[in-house]
Student: 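The structure follows.
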Amino acid sequence: MKTIIIGAGRGRRLDHLTEKQPKPFTEIGGKRILDWVLTAHNQPQIAERYFIGGYLLDVVKSGYPNLQFRHNDKWAENNILQSLFYAKDAFHGGFICSYGDILYTPHIVADLLESTANITVAIDTDWRNRYRYRSQHPTTDAEKVMASGTHITRMDRTIPDDQAFGEFIGVAKFSAKAAELIQEHYDNLDEDFCFGGTIPMHKAYLIHFLDYLLQQNVTIDFVATHGHYIEVDTLEDYAYAQKNWPPTSLIPPLIGEGEGGV
């Protein structure tokens, strides 16, 4: 099993914090976001760690020489979905992918690894509480999900808040079989395909592709965290995270800084 971290974008909503360093280098609680992510993935089942970069990629390479890198050379033009597929050569055997601007605890990764489903996504069921403090990132931007039993039934920002079971946090596991499946579905999409009839491939987020898979009758399960998750997308998020992360004793000692812990 591998970890693939998606961190190619600039993160302009963090303003001056990303002028000279990539977004995952933003420090929260005295540690970089990337260090918190790597700590969450410091699990015995995970043998390889990849980072998909674009903006200031050389800075990441210098700071984390033990990570394996893939370069999204069109990071300024595309979005998360296309960025992920720059690491498609690492999909084989199964992988967990993660956004590079989020804070979460190791337990959610452990739960993903225990899941026997081919595709499992991580969701936050306490998402409404978090959005009480996000005026710069309203619920219309939330990657909301609906579920039945252990299965996801819909993933869409347009889901009414009162119908959303949780929010996709940006972390998902794909089994070896699922890795082949998503590659097949992705390759079968035309270049001019638009998700939902309006979102072109180069603008698509991972959630658009996952919802598309649901529409193709692909089963997607979930594991949940009730809080213990923060997206750092705006300066408002940054200030909130500085006050509220880490969550007490849920975080074990960090793995080696500056070397990616591998």
Side-chain angles (χ1 to χ4, degrees), residues 3-14 22-24 37 50-55 57 70-91 95-102 118-124 127 137-147 152-160 164 166-174 178-222 231-234:
T3 286
I4 300 175
I5 302 166
I6 310 166
R10 161 70 191 269
R12 290 190 179 277
R13 292 206 276 186
L14 285 178
K23 193 176 184 181
V37 173
Y50 293 77
F51 185 92
I52 302 168
Y55 175 67
L57 176 58
R70 297 296 181 269
H71 183 205
N72 176 355
D73 57 346
K74 296 183 179 179
W75 65 268
E77 304 167 22
N78 60 27
N79 211 333
I80 292 174
L81 177 61
Q82 287 195 336
S83 193
L84 173 61
F85 277 83
Y86 275 80
K88 63 183 180 181
D89 63 302
F91 287 4
F95 65 96
I96 295 177
C97 65
S98 172
Y99 297 168
D101 63 349
I102 55 177
N118 283 316
I119 302 178
T120 310
V121 299
I123 65 171
D124 178 17
W127 73 281
H137 188 111
T139 59
T140 51
D141 286 343
E143 298 195 327
K144 289 168 280 191
V145 304
M146 299 175 69
I152 297 293
T153 58
R154 187 181 173 200
M155 305 181 73
D156 198 316
R157 289 186 173 91
T158 65
I159 295 172
E167 180 183 20
F168 174 51
I169 73 169
V171 186
K173 188 193 79 170
F174 300 87
E180 296 179 0
L181 177 70
I182 64 171
Q183 183 70 68
E184 180 181 350
H185 277 279
Y186 185 85
D187 289 345
N188 285 336
L189 296 176
D190 296 329
E191 289 186 7
D192 59 353
F193 177 82
C194 290
F195 294 96
T198 60
I199 309 296
M201 291 282 286
H202 71 285
K203 292 293 185 181
Y205 288 81
L206 180 57
I207 190 175
H208 294 121
F209 184 57
L210 292 172
D211 192 62
Y212 168 80
L213 293 176
L214 289 171
Q215 295 171 32
Q216 310 309 307
N217 297 316
V218 175
T219 299
I220 299 178
D221 278 20
F222 71 87
E231 179 186 17
V232 185
D233 188 53
T234 67

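This structure is a prediction, so every number in the text was calculated from the model and none was measured. Residue numbers run from 1 in the order of the sequence given.
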Student: Does F209 reach the side chain of I182, with side-chain heavy atoms less than 4.5 Å apart?
Tutor: yes

Student: Do the non-hydrogen side-chain atoms of V232 and K23 ever get within less than 4.5 Å of each other?
Tutor: no

Student: Minimum heavy-atom separation for I102 to V37, with atom names?
Tutor: O-CG2, 3.4 Å

Student: Within the 4.5 Å heavy-atom criterion, are N78 and Y86 side-chain neighbours or not?
Tutor: yes

Student: Sort and list the pairs that fulfil side-chain hydrogen bond (donor to acceptor under 3.5 Å, both in side chains) and have at least one residue in residues 206-222, not counting sequence neighbours.
Tutor: H151-D221, D211-Q215

Student: Return each pair, listed once, that meets salt bridge (charged side-chain N to carboxylate O under 4.0 Å, His left out) where at least one residue sits in residues 70-82; pairs must be two or more places apart or across chains.
Tutor: R70-D89

Student: Quick one: side-chain contact (heavy atoms from CB on, under 4.5 Å) partners of A8, sequence neighbours excluded?
Tutor: N72, W75, S83

Student: May I ask you to decide if D141's main-chain N or O and R157's side chain share a donor-acceptor pair within less than 3.5 Å?
Tutor: yes

Student: Tell me if a side-chain donor or acceptor on D156 pairs with a main-chain N or O of T158 at a distance below 3.5 Å.
Tutor: yes

Student: Just by modelled atom types, is the I159 backbone N or O under 3.5 Å from a matching donor or acceptor in the K144 side chain?
Tutor: yes

Student: Are I169 and W127 close enough that some pair of their side-chain heavy atoms sits under 4.5 Å apart?
Tutor: no

Student: What closest approach, in Å, do G9 and Y55 show between heavy atoms, and which atom pair accounts for it?
Tutor: O-CB, 3.9 Å

Student: Please report whether the ring centroid of F91 lies less than 6.0 Å from that of F85.
Tutor: yes

Student: By side-chain contact (heavy atoms from CB on, under 4.5 Å), which residues pair with A90, not counting sequence neighbours?
Tutor: K2, I4, Y50

Student: Let me know which of Y205, F168, F222 forms a side-chain contact (heavy atoms from CB on, under 4.5 Å) with M155.
Tutor: F168

Student: Between T153 and M146, is there a donor-acceptor pair closer than 3.5 Å when you use the side chain of the first and the backbone of the second?
Tutor: yes

Student: Identify the heavy atoms of M201 and E191 that sit nearest to each other, and give their distance.
Tutor: CG-O, 4.0 Å

Student: Please tell me if the side chains of C97 and L206 come closer than 4.5 Å, counting only heavy atoms from C-beta onward.
Tutor: yes

Student: Quick one: list whatever passes side-chain contact (heavy atoms from CB on, under 4.5 Å) with L181, sequence neighbours left out.
Tutor: H185, V218

Student: According to side-chain contact (heavy atoms from CB on, under 4.5 Å), who are the partners of R12, at least two apart in sequence or on a separate chain?
Tutor: R10

Student: Which heavy atom of I199 sits nearest to which heavy atom of A204, and what is that distance?
Tutor: CG2-CA, 3.8 Å

